[in-house]
Amino acid sequence: MKDIITSIFSISPPTIMKDIITSIFSISPPTIMKDIITSEINQKNPLVNVPKIQFKDIINGTATDQIMYAMSEYALLYIIDIPGYNPLEEFKTMKKFFEKTPEEKRTVATAKNNPHNKNIYRGYGYVTDKDGNNLEETFNIGKFNERQVTRNEVSCDSEYKANEANVWPPPAPNCNFAEVIQNAFKIRLALAEAIVQEFGKGLNAPELPEMFTKAEFSTLVIKKYHPRLGSNNKVYHHKCEMITEEGIDLAVPDHQDTTVTLLSTYCNSGLQAYYRGRWYDVPTRMDSMLLMTGSLLGEITDFKIGSLRHRVKDIKTERHSMPFFFNPSFNANISRSISGAATATGHEFDRFGPWQVVQLHREEPGLLAPGDLF
């Protein structure tokens with residue numbers, strides 16, 4: 001059947017393709033056709049083989065080997081059957097927030113975007129093109145609804161700012177924004193903590209989870225990407241190329257995250273991952289979260305856990321996503337790997353927090369003004 005279909009596509013004019021394909025389906029058992037189509041997809045996109053792991057198996061500690069294989073081979077896996085996870089409710093809630101007027105959103109904007117506000121990193125921000133059109137909107141929350149420490153209890157101003165409290169828009173009819181987004185944070189935090197425990201177990205490195213005990217800079221971000229015009233899309237926040245060699249406009253450039261990322265794309269296409277020398281579309285699945293691992297975690301684990309290069313295509317319509325970044329504690333030592341080897345990052349920074357401050361100023365210009373977190 002595979003050879004028949006390949007032959008037909010190569011010699012048949014498009015006008016008669018419908019009748020030919022209809023005829024094939026009428027004489028071929030559905031199970032055979034499904035196997036043929038699945039085989040073709042698998043050959044074209046190896047990411048369809050990325051493991052799908054149930055939440056309960058992660059929590060029960062029975063998926064350690066699967067997790068370690070996936071993160072070594074792909075630096076990517078799907079987590080499914082997550083209790084309390086309601087992606088449709090999350091999607092509708094974030095969409096309602098971004099539909100608010102600019103004036104309404106500015107009430108919870110960071111100080112960069114609204115000088116009357118005191119919140120620096122937690123809250124609303126945006127990036128515009130040279131003509132002032134929105135390219136990306138962001139709302140950022142962390143662990144704390146009230147600040148848990150005083151300045152005298154921490155090592156520096158940056159650590160104090162890492163403990164900043166969240167800000168929330170006023171309640172609105174038929175929209176429990178704060179409740180839904182806080183629940184989203186809670187689910188992801190518990191899941192990320194369990195995953196890092198599995199990393200520690202799989203690597204025989206109990207000190208790895210201990211690096212994430214406080215995780216002050218851990219962040220849930222709701223994002224809306226706007227369609228981009230090619231003429232206004234040549235560079236991104238930090239001067240990365242935003243048009244690929246193939247001429248594809250990007251919404252997010254080729255990059256690697258830091259440590260542990262849980263991503264919900266809500267069936268939006270656009271996400272691509274680099275695997276064995278090629279870019280592939282990451283298949284979407286509404287009921288799942290994607291787990292991706294980043295460059296610093298690779299260094300800390302002696303590269304036994306991979307680091308995923310990924311990017312996002314501009315799909316020429318609005319696109320929503322919700323990444324959760326689970327990060328080490330501010331004072332976690334990142335100068336040595338779990339084997340005791342010196343890390344590349346550690347040549348410049350021995351603690352996570354000061355390194356993260358520099359990264360955030362580079363990566364979050366929609367939220368931060370220069371020097372905000374120092």
Rounded distance (nearest 0.5 Å) linking atom [atom1] of [X] with atom [atom2] of [Y]:
X    : Y    : atom1 : atom2 : value
I53  : Y69  : CD1   : OH    : 11.0 Å
Y275 : N45  : OH    : CG    : 10.5 Å
L77  : T293 : CG    : OG1   : 8.5 Å
I300 : R336 : CD1   : CZ    : 13.0 Å
N163 : K143 : CG    : NZ    : 9.0 Å
K214 : F352 : NZ    : CZ    : 14.5 Å

So with a 6.0 Å cut-off around [atom1] of [X], is the heavy-atom count from everything else above 12?
X    : atom1 : value
K52  : NZ    : yes
E246 : CD    : yes
K304 : NZ    : no
N60  : CG    : yes

Please say yes or no: joined through hydrophobic side-chain contacts below 4.5 Å, possibly via intermediate residues, are [X] and [Y] part of one cluster?
X    : Y    : answer
F185 : M289 : yes
V252 : W279 : no
L291 : I59  : yes
F98  : W168 : yes
M292 : I80  : no

Go through the side-chain N and O atoms of [X] and [Y] and say whether any donor and acceptor fall under 3.5 Å apart.
X    : Y    : answer
N333 : S335 : yes
E137 : H226 : yes
S339 : S337 : yes
R122 : T219 : yes
T213 : E210 : no

Quiz item: Angle class for the Y266/F91 ring planes (parallel below 30°, perpendicular above 60°, tilted otherwise)?
Solution: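 If you compare the ring of Y266 with that of F91, the planes turn out tilted.
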
Please report the closest heavy-atom contact between [X] and [Y], naming both atoms and the distance.
X    : Y    : value
V108 : V167 : O-CG2, 3.8 Å
K112 : L367 : CB-O, 3.6 Å
L76  : M71  : N-CE, 3.4 Å
S295 : Q256 : CB-OE1, 3.9 Å
I67  : F199 : CG2-CE2, 3.6 Å
A273 : L47  : CB-CD1, 3.9 Å

Going by heavy atoms in the side chains, are [X] and [Y] under 4.5 Å from each other?
X    : Y    : answer
F349 : V358 : yes
Y121 : N140 : yes
N117 : T110 : no
K224 : F97  : no
P283 : Y78  : yes
E99  : K95  : yes
H320 : K223 : no
I141 : L220 : yes

Looking at [Y] and [X], is there a salt bridge between them, counting it only when a charged N and a carboxylate O are closer than 4.0 Å?
X    : Y    : value
K92  : E89  : no
R151 : D157 : yes
D81  : K56  : no
D372 : K161 : no

Exercise. Please lay out, stage by stage, how D249 and K316 fare under the test salt bridge (Lys or Arg N to Asp or Glu O under 4.0 Å).
Key: CA-CA 9 Å; D249 284 332; K316 301 306 178 185; 2.7 Å; yes

Self-check item: Residues R276, E73; criterion salt bridge (Lys or Arg N to Asp or Glu O under 4.0 Å); working and verdict
Solution: CA-CA 10 Å; R276 296 193 175 185; E73 175 65 20; 2.6 Å; yes

Quiz item: Are N134 and T128 close enough, and set up right, to give a side chain to side chain donor-acceptor pair (under 3.5 Å), and what steps lead you there?
Solution: CA-CA 4 Å; N134 273 340; T128 62; 5.9 Å; no

Self-check item: Derivation of the side chain to side chain donor-acceptor pair (under 3.5 Å) call for T150 and E153
Solution: CA-CA 5 Å; T150 65; E153 294 175 306; 3.3 Å; yes

Quiz item: Could you walk me through whether I243 and I248 pass the side-chain contact (heavy atoms from CB on, under 4.5 Å) check?
Solution: CA-CA 5 Å; I243 300 177; I248 299 171; over 6 Å; no

Practice problem: Quick one: do F177 and F139 satisfy ring-ring contact (aromatic ring centres under 6.0 Å, His included)? Show the steps, please. | Solution: CA-CA 12 Å; F177 179 79; F139 187 84; 5.3 Å; yes

Self-check item: Positive for side-chain hydrogen bond (donor to acceptor under 3.5 Å, both in side chains) with D254, one of Q272, R309, R311
Solution: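 For D254, the side-chain hydrogen bond (donor to acceptor under 3.5 Å, both in side chains) test succeeds with only one of Q272, R309, R311, which is R309.
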
Quiz item: Checking side-chain contact (heavy atoms from CB on, under 4.5 Å) for the pair M211/I334: CA distance, chi angles, key distance, verdict?
Solution: CA-CA 9 Å; M211 294 180 64; I334 58 172; 4.1 Å; yes

Practice problem: Measure from NZ or CZ of R147 to the centre of the six-membered ring of Y160 and say whether it is under 6.0 Å with the direction within 45° of the ring axis. | Solution: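 Satisfied, under 6.0 Å and within 45°.
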
Quiz item: Should the pair R188 and F324 be classed as cation-pi, given the thresholds of under 6.0 Å to the six-membered ring centre and 45° from the axis?
Solution: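 R188 over F324 ring: no.
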
Self-check item: salt bridge (Lys or Arg N to Asp or Glu O under 4.0 Å) evaluation trace for E198 with K201
Solution: CA-CA 5 Å; E198 289 300 286; K201 184 169 70 172; 3.5 Å; yes

Quiz prompt | Reference residue H310; test side-chain contact (heavy atoms from CB on, under 4.5 Å); the match among V282, T261, D257 | solution =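 Going through V282, T261, D257 one by one, the side-chain contact (heavy atoms from CB on, under 4.5 Å) with H310 is satisfied by D257 alone.
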
Exercise. Determine, step by step, whether M322 and V221 satisfy the side-chain contact (heavy atoms from CB on, under 4.5 Å) criterion, reporting the C-alpha distance in whole Å, the side-chain angles of both residues, the deciding distance to 0.1 Å, and the verdict.
Key: CA-CA 6 Å; M322 187 184 291; V221 187; over 6 Å; no

Quiz prompt | Check: F374 ring centroid to H361 ring centroid under 6.0 Å | solution =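 Yes, they do, as the ring centres are separated by less than 6.0 Å.
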
Quiz item: Given the rule in the side-chain contact (heavy atoms from CB on, under 4.5 Å) test, do R351 and S155 qualify, once you have shown the distances and angles that lead to the verdict?
Solution: CA-CA 12 Å; R351 293 182 301 154; S155 62; 3.3 Å; yes

